[in-house]
Amino acid sequence: MAATSPVIMRVMASSISTAKRAGGIIRDVLKKGDLGIVDKGKNDPQTEADRSAQRCIIASLANKFPTVKIIGEEGGSDLNVCDDWLVNELDEGFLQQSCPTEWKDVKPEDFVIWVDPLDGTAEYTQGHVEHVTVLIGIAVKDAAVGGIIHQPFYKQPDGEMGRTIWGLKGLGTGGFTAVPAPAGQFIITTTRSHSNALHQQALNAFASTEVLKVGGAGFKVLQLLEGKAHAYVFATPGCKKWDTCAPEAVLEAQGGCLTNINGEHYAYNADVEHVNRQGVLASLGQNHAALVEKIPAEVRAAVGAK
Ligand SMILES: Nc1ncnc2c1ncn2[C@@H]1O[C@H](COP(=O)(O)O)[C@@H](O)[C@H]1OP(=O)(O)O
Ligand SMILES: [Mg+2]
Ligand SMILES: [Mg+2]
Ligand SMILES: [Mg+2]
């Protein structure tokens, strides 16, 4: 089965297994207690968990798919990893499903895999570990098509740590139970560590009943998928293609929408600028275009201006 499955199915199945392994590494680093924090910039920490999880993910995927372009947040990594970090398994449950017709013949050179080995690093260092996710996004040409969102610190009912959510456009999603957000309310999920005056002006323009401030792009999209919020608003540059590729694919495979604050999709080919200059607006079960219109024109003009 595995050897004959289309490349996209094998990339997804391998990414599911690899994200779980990376989640284990992230838990281990925290358990050992020496986070090895390095500041990459303002409000932009990196830890040993980011570095090690990225090495595990990129070494494993590059070993299995040597001709696929892989771009990771933490830059060029030493891919000479121990056998324990080299993941060979493909998630069998995922491979049981049939590949959507539109992706059957996609060639390895048409893919870009965007890797955020640890999304929510600031929160990880501050003890808000439930906000942490591992993100592996699969783009075909410009479009975010497949995604894995793994939560290393999610406690399963049986006590097992970690859960893995996936989405593939044309196939659907798995790993969680979709819940609609409550009617009669409008709950926004947004940044807790990268706010500024313009962003606040955008938030104020919505008649929200509640604003949840949480870390990570992956966790905020999970809040949409599980009905905890109606919209994700981030009206400032700062997050990058590896932050949004996987969340966008999973959310849109569930019928939602993730765009910049002008309502346009980002492109995810290998040559794009990494920064998402025009912020993020994501929603599920809403009129997305109407949400775009709510953001003041002056905020939209200022965000993304070079
Ligand atoms: N100004 C920034 N500099 C670096 N990373 C950012 C910035 N703003 C957002 N991000 C990335 O986007 C994620 C979502 O942002 P926020 O939590 O503020 O809503 C952050 O966890 C971080 O990803 P990462 O933790 O992988 O570095
Ligand atoms: Mg980072
Ligand atoms: Mg991130
Ligand atoms: Mg990261």
Side-chain angles (χ1 to χ4, degrees), residues 18-19 22-23 25-26 29-30 35-58 70-75 77 113-137 144 147-153 187-200 202-203 211-224 228-229 231-248 250-251 258 260-261 266 273-282 303-304:
T18 307
I25 292 171
I26 291 168
V29 171
L30 192 68
L35 296 192
I37 301 172
V38 172
D39 283 320
K40 294 193 289 179
K42 190 166 171 270
N43 289 337
D44 193 9
Q46 181 203 62
T47 72
E48 186 53 41
D50 300 66
R51 295 185 286 275
S52 296
Q54 167 149 318
R55 288 181 62 209
C56 161
I57 296 168
I58 299 193
I70 306 173
I71 304 175
E73 174 181 357
E74 311 308 341
S77 296
I113 305 180
W114 292 93
V115 176
D116 187 343
L118 196 168
D119 185 48
T121 302
E123 287 70 25
Y124 178 70
T125 64
Q126 294 160 10
H128 301 289
V129 293
E130 66 284 7
H131 300 186
V132 168
T133 59
V134 176
L135 302 176
I136 304 180
I148 318 298
I149 305 176
H150 172 77
Q151 282 184 293
F153 297 98
I187 305 169
I188 293 179
T189 181
T190 192
T191 184
R192 62 180 286 283
S193 55
H194 298 102
S195 188
N196 60 25
L198 265 178
H199 172 64
Q200 192 55 50
L203 291 184
V211 176
L212 308 173
K213 296 190 173 173
V214 301
F219 188 62
K220 283 190 264 295
V221 163
L222 283 177
Q223 289 192 311
L224 298 179
K228 305 262 168 42
Y232 164 14
V233 181
F234 188 61
T236 167
C239 75
K240 321 261 178 358
K241 298 294 176 298
W242 44 75
D243 293 301
T244 50
C245 185
E248 176 177 329
V250 178
L251 184 66
L258 186 148
N260 66 23
I261 62 166
Y266 284 109
E273 182 185 30
H274 292 165
V275 179
N276 292 332
R277 281 198 186 277
Q278 293 169 299
V280 176
L281 180 66
V303 175

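The first residue in the sequence is number 1, and the count goes up from there. Numbering of ligands and ligand atoms starts at 1, following listing order. Quantities reported herein were computed from a predicted structural model and do not represent experimental measurements.
The backbone N or O of Phe219 lies less than 3.5 Å from no partner atom in the side chain of His131, so there is not a single donor-acceptor pair. Side chain of Lys241 to main chain of Val275: a donor-acceptor pair is present (N/O by atom type, distance under 3.5 Å, no hydrogens or angles). With hydrogens and angles disregarded, no donor-acceptor distance shorter than 3.5 Å links the side chain of His199 to the backbone of Phe234. Using a distance-only test at 3.5 Å, with no hydrogens or angles considered, no donor-acceptor pair links the side chain of Asp243 to the main chain of Ala217. Side chain of Thr133 to backbone of Leu135: no donor-acceptor contact under 3.5 angstrom is found.
Contacts of Arg192 with ligand 1, taken as heavy-atom pairs under 4.0 Å, are absent altogether. Using a 4.0 Å cut-off between heavy atoms, Asp119 contacts ligand 1 through both its backbone and its side chain. Using a 4.0 Å cut-off between heavy atoms, Glu73 contacts ligand 1 through its side chain alone, with no backbone atom that close. When heavy-atom distances to ligand 1 are checked against a 4.0 Å cut-off, Leu118 comes that close only through its backbone atoms N, CA, C and O. The proximity of Trp242 to ligand 1, defined as any non-hydrogen pair under 4.0 Å, does not occur for either the backbone or the side chain. Contact annotation: for Thr191 versus ligand 1, heavy atoms closer than 4.0 Å belong to both the backbone and the side chain.
Distances from ligand 1 to the non-hydrogen atoms of Lys40 include no value under 4.0 Å.
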Give the C-alpha distance, both sets of side-chain angles, the deciding distance and a yes or no for side chain to side chain contact (heavy atoms under 4.5 Å, CB included) between Ile26 and Phe153. CA-CA 9 Å; Ile26 291 168; Phe153 297 98; 3.8 Å; yes

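The distance criterion of under 3.5 Å between nitrogen or oxygen atoms is met by Asp243 with respect to ligand 1. The distance criterion of under 3.5 Å between nitrogen or oxygen atoms is met by Gly216 with respect to ligand 1.
At the shortest separation from atom 15 (O) of ligand 1 among protein heavy atoms lies His194 ND1, 3.9 Å. When only non-hydrogen protein atoms are considered, atom 14 (C) of ligand 1 lies nearest to Ala217 N, 3.5 Å. Of all protein heavy atoms, the one closest to atom 5 (N) of ligand 1 is Gly238 O, 3.7 Å. The nearest protein atom to atom 12 (O) of ligand 1, hydrogens excluded, is given as Cys239 CB, 3.3 Å; this is a heavy-atom distance.
The distance from the Mg ion (ligand 4) to the nearest N/O/S atom of Leu118 is under 2.8 Å. At least one N, O or S atom of Glu73 sits under 2.8 Å from the Mg ion (ligand 4). Checking Asp116 against the Mg ion (ligand 4), an N/O/S atom falls under the 2.8 Å cut-off.
Looking at every heavy atom in both residues, Glu73 comes nearest to Leu118 through OE1-O, 4.2 Å. Closest approach of His194 to Asn43, counting heavy atoms only: NE2-O, 2.9 Å.
Each of the atoms 4 (C), 5 (N) of ligand 1 lies under 4.0 Å from some heavy atom of Lys240. Distances below 4.0 Å separate heavy atoms of Lys220 from the following atoms of ligand 1: 16 (P), 17 (O), 19 (O). Ligand 1 places these atoms under 4.0 Å from at least one heavy atom of Thr121: 25 (O). Within ligand 1, counting atoms from 1 as listed, the ones closer than 4.0 Å to a heavy atom of Gly215 are 17 (O). Ligand 1 places these atoms under 4.0 Å from at least one heavy atom of Gly120: 21 (O), 24 (P), 25 (O), 26 (O). Applying the 4.0 Å criterion to heavy atoms of Asp116 picks out, from ligand 1, the atoms 26 (O).
Side-chain contact check for Ile57 versus Gln54: every heavy-atom pair is 4.5 Å or farther apart.
For the atom pair Leu222 CG and Gln151 CD, the distance stands at 5.0 Å (nearest 0.5 Å).
For Lys228, the NZ atom sits in a loose shell: 12 or fewer heavy atoms of surrounding residues, nucleotides or ligands are nearer than 6.0 Å. In Lys40, the NZ atom is crowded: over 12 heavy atoms of neighbouring residues, nucleotides or ligands sit closer than 6.0 Å.
Residues Glu248 and Thr244 have side chains that never bring a donor and an acceptor to within less than 3.5 angstrom of each other.
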